**Student:** 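Below you will find the structure I want to go over with you.
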2 protein chains.
Amino acid sequence: MTTLKQKILQVSTDLFQTRGINSTGVDTIVAVAGTTKMTLYKYFETKEELILAVLQQSHQDFQTWMNDKLGVFNDKPDEKIQKLFDFIEEWVTSPSFVGVAFIKASAEFPNEENRIHQLSSQQSREFRQFISKLAQEAQIKDADGLAMQLSILFEGAVQAEQIKRGSGAIKSAKKAAKSLIDLAIKQS
Amino acid sequence: MTTLKQKILQVSTDLFQTRGINSTGVDTIVAVAGTTKMTLYKYFETKEELILAVLQQSHQDFQTWMNDKLGVFNDKPDEKIQKLFDFIEEWVTSPSFVGVAFIKASAEFPNEENRIHQLSSQQSREFRQFISKLAQEAQIKDADGLAMQLSILFEGAVQAEQIKRGSGAIKSAKKAAKSLIDLAIKQS
DNA sequence: TATATACTATACTGTATAGTATATTTTAAG
DNA sequence: CTTAAAATATACTATACAGTATAGTATATA
């Protein structure tokens with residue numbers, strides 16, 4: 001069963017990504033979701049809270065999906081980081097992909113004091129730490145260094161893909177990632 | 001002498017980067033620039049034209065700056081691509097750096113039919129072609145492939161830096177770039 | 001001095017926005 | 001059948017925004 005709250009979240013996620021966050025009014029959201037503002041404001045105190053909820057949901061969805069995919073290699077920890085960008089490619093090229101929420105949000109809310117910016121920043125950091133953990137498990141010496149490089153490739157490729165769909169950026173990033181991982185392994 | 005038009009452009013560039021484009025009204029711009037809306041609309045037909053002008057100006061400023069820096073190595077074309085990320089680092093860490101205009105603009109205007117998005121996309125492509133030319137001059141075989149990888153590193157590092165100032169992303173991207181360039185040279 | 005140009009001051013129009021108030025209808029459970 | 005909760009319908013407030021209209025001032029040049 002899809003509750004109205006979930007429907008509002010899903011529609012918001014979609015509209016924020018395809019039209020921009022500030023450019024999407026709550027009137028548009030409720031119209032597309034087939035409900036009214038009264039209902040929206042019952043579940044979300046303000047538009048800011050709705051945006052934060054969309055960010056949380058998107059990030060959690062991705063993390064859950066990725067953990068499932070990598071779970072297959074639980075007994076061979078060194079393969080996880082090798083496969084990471086294969087799954088990123090799969091995820092980015094899937095038809096339902098509409099972009100990475102925290103990348104867009106941080107651009108629309110550049111002020112570091114803003115709660116939305118802060119959450120974006122935190123999610124970016126969390127994903128980098130996630131990569132670093134994979135690198136550690138693969139016995140890589142400078143795990144943090146490699147994680148930073150790979151997260152830059154990730155954010156850059158997604159950015160390039162958002163600026164021009166089908167640019168081939170993901171494939172290129174995957175190749176670069178493999179090179180950098182190989183190099184890091186050699187130095188460990 | 002700074003003309004009012006230049007002043008408006010400069011103030012807009014700054015406000016767009018620090019507060020976001022859609023979140024910055026023309027009233028704020030003229031207030032900060034110390035002029036009136038009548039004057040702004042004398043030089044720029046619409047806000048959209050102003051945004052486009054800001055993008056053009058920012059891109060040209062960067063290209064000019066970079067060409068000057070690389071001009072020193074005009075007689076050793078293979079050194080240019082090696083030094084590229086050193087200058088990118090210098091540029092990004094300079095106090096006047098406020099971000100890369102086309103990266104933010106493409107996030108705030110995600111629709112591919114939008115003129116602002118189209119210009120952003122074009123500028124991203126132009127910068128990639130610029131890198132590709134450097135790679136060709138350095139006798140690198142897969143120049144386009146390397147250029148794509150390096151432009152992803154560039155956009156990713158800038159993105160990471162916008163999400164968290166002083167994250168060290170540029171240093172990390174520079175290191176990754178050197179590795180990828182070395183690898184591409186070996187394969188040429 | 002005359003005249004054009006650049007700029008200012010300010011009030012206005014029309015639209016979009018976030019959020020609220022009030023009353024009504026639907027739905028589900030005792 | 002009754003009652004409470006969930007959702008709708010609609011009108012409203014208050015503010016912000018892009019862009020315009022009108023009237024006036026400052027400056028430079030011919």
Side-chain angles (χ1 to χ4, degrees), chain A residues 1-56 101 104-105 107-111 113-117 119, chain B residues 1-56 101 104-105 107-111 113-117 119:
Chain A
M1 187 200 66
T2 338
T3 69
L4 264 176
K5 187 176 178 181
Q6 287 172 313
K7 178 79 181 169
I8 291 170
L9 263 180
Q10 173 223 311
V11 165
S12 300
T13 304
D14 211 66
L15 289 176
F16 287 165
Q17 288 292 340
T18 54
R19 304 188 188 187
I21 301 171
N22 281 314
S23 308
T24 303
V26 288
D27 294 278
T28 309
I29 292 169
V30 297
V32 175
T35 181
T36 63
K37 281 205 278 193
M38 286 313 295
T39 306
L40 187 150
Y41 280 103
K42 190 189 169 189
Y43 292 119
F44 307 97
E45 275 199 343
T46 60
K47 192 189 177 187
E48 187 179 43
E49 292 296 331
L50 171 60
I51 299 168
L52 291 169
V54 165
L55 280 174
Q56 305 257 28
K104 280 235 178 103
E108 291 210 47
F109 303 90
N111 191 332
E113 264 99 68
N114 182 289
R115 288 175 66 203
I116 298 167
H117 185 96
L119 180 56
Chain B
M1 187 199 67
T2 338
T3 69
L4 264 177
K5 187 177 179 182
Q6 287 172 313
K7 179 78 182 172
I8 291 169
L9 264 178
Q10 174 225 308
V11 165
S12 301
T13 304
D14 210 67
L15 289 176
F16 287 165
Q17 290 290 342
T18 54
R19 303 189 190 187
I21 301 172
N22 280 315
S23 308
T24 303
V26 287
D27 294 279
T28 309
I29 293 169
V30 297
V32 175
T35 180
T36 64
K37 283 208 272 194
M38 288 311 296
T39 305
L40 187 152
Y41 280 103
K42 190 190 168 188
Y43 292 118
F44 306 97
E45 275 198 342
T46 60
K47 192 189 177 186
E48 186 180 44
E49 293 295 331
L50 171 61
I51 298 168
L52 290 169
V54 165
L55 279 173
Q56 304 258 28
K104 280 237 178 101
E108 291 211 46
F109 303 90
N111 190 330
E113 264 99 70
N114 182 287
R115 290 174 67 203
I116 297 166
H117 185 95
L119 180 57

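To find a chain, count down the sequence lines: A is the first, B the second, and so on, and within it residues start at 1. What you are looking at is a predicted structure, and each value in this text was computed from that prediction instead of being measured.
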**Student:** Which of the following nucleotides, dT8(C), dT8(D), dG19(C), is nearest to the side chain of T36(B)?
**Tutor:** dT8(C)
**Student:** Can you tell me how far C1' of dA6(C) sits from NZ of K7(B), to the nearest Å?
**Tutor:** 18 Å
**Student:** Atom OH of Y41(B) to atom P of dC17(D): distance rounded to whole Å?
**Tutor:** 11 Å
**Student:** Is any side-chain nitrogen or oxygen of T46(B) closer than 4.0 Å to OP1 or OP2 of dA18(D)?
**Tutor:**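 False: T46(B) side-chain N/O out of range (4.0 Å or more) of dA18(D) OP1/OP2.
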**Student:** Can you tell me the distance, in whole Å, between the CD1 atom of I8(A) and the P atom of dA6(D)?
**Tutor:** 14 Å
**Student:** Between R19(A) and E108(B) (salt bridge meaning N to carboxylate O under 4.0 Å), is one present in this structure?
**Tutor:**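 No, this pair does not count.
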**Student:** Measure the distance from CD1 on I21(B) to P on dC17(D) and round it to the nearest whole Å.
**Tutor:**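 Spelled out: CD1 on I21(B) to P on dC17(D) is 15 Å.
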**Student:** Would one find a side-chain N or O of Y43(A) under 4.0 angstrom from OP1 or OP2 of dA6(D)?
**Tutor:**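 For Y43(A), the contact criterion (side-chain N or O under 4.0 Å from OP1 or OP2 of dA6(D)) is not met.
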**Student:** May I have the distance from E45(A) (atom CD) to dT20(C) (atom C1'), rounded to whole angstrom?
**Tutor:**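 It works out to 14 Å between those atoms.
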**Student:** Counting only side-chain nitrogens and oxygens, does T39(A) get under 4.0 Å of the OP1 or OP2 atom of dA6(D)?
**Tutor:** no
**Student:** State which residue, out of N22(A), V11(A), V54(A), L55(A), fulfils the side-chain contact (heavy atoms from CB on, under 4.5 Å) condition with F16(A).
**Tutor:**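 Of the listed options, the one satisfying the test is V54(A).
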**Student:** Considering heavy-atom distances to DNA chain C, does L4(B) or G25(A) have its closest nucleotide positioned more toward the 5' end?
**Tutor:** L4(B)
**Student:** Rounded to the nearest Å, what distance is computed from the CG atom of residue D27(B) to the C1' atom of nucleotide dT17(C)?
**Tutor:**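 Rounding to the nearest Å, CG of D27(B) and C1' of dT17(C) are 15 Å apart.
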**Student:** In whole Å, I'd like the distance from the CD1 atom of I29(B) to the P atom of dA18(D).
**Tutor:** 8 Å
**Student:** Closer than 4.0 Å, any side-chain N/O of K42(B) to the OP1 or OP2 of dA6(C)?
**Tutor:**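 Checking dA6(C) against K42(B), a side-chain N or O does come within under 4.0 Å of OP1 or OP2.
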**Student:** State, with a plain yes or no, whether a side-chain heavy atom of V30(A) is found less than 4.5 Å away from one of T36(A).
**Tutor:** no
**Student:** Measuring from the side chain of M38(B) (C-beta onward, heavy atoms only), which nucleotide among dA21(D), dA18(D), dT20(C) has the closest atom?
**Tutor:** dA21(D)
**Student:** Rounded to the nearest 0.5 Å, how far does CD of Q17(A) lie from OG1 of T24(A)?
**Tutor:** 10.0 Å
**Student:** In whole Å, I'd like the distance from the CG atom of L40(B) to the P atom of dC17(D).
**Tutor:**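 Taking atom P of dC17(D) as the reference, CG of L40(B) is at 14 Å.
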**Student:** Counting only side-chain nitrogens and oxygens, does K37(B) get under 4.0 Å of the OP1 or OP2 atom of dG19(D)?
**Tutor:**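 Checking dG19(D) against K37(B), no side-chain N or O comes under 4.0 Å of OP1 or OP2.
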**Student:** In Å, rounded to the nearest 0.5 Å, how long is the span from CD1 of I116(A) to CD of E49(A)?
**Tutor:** 9.0 Å
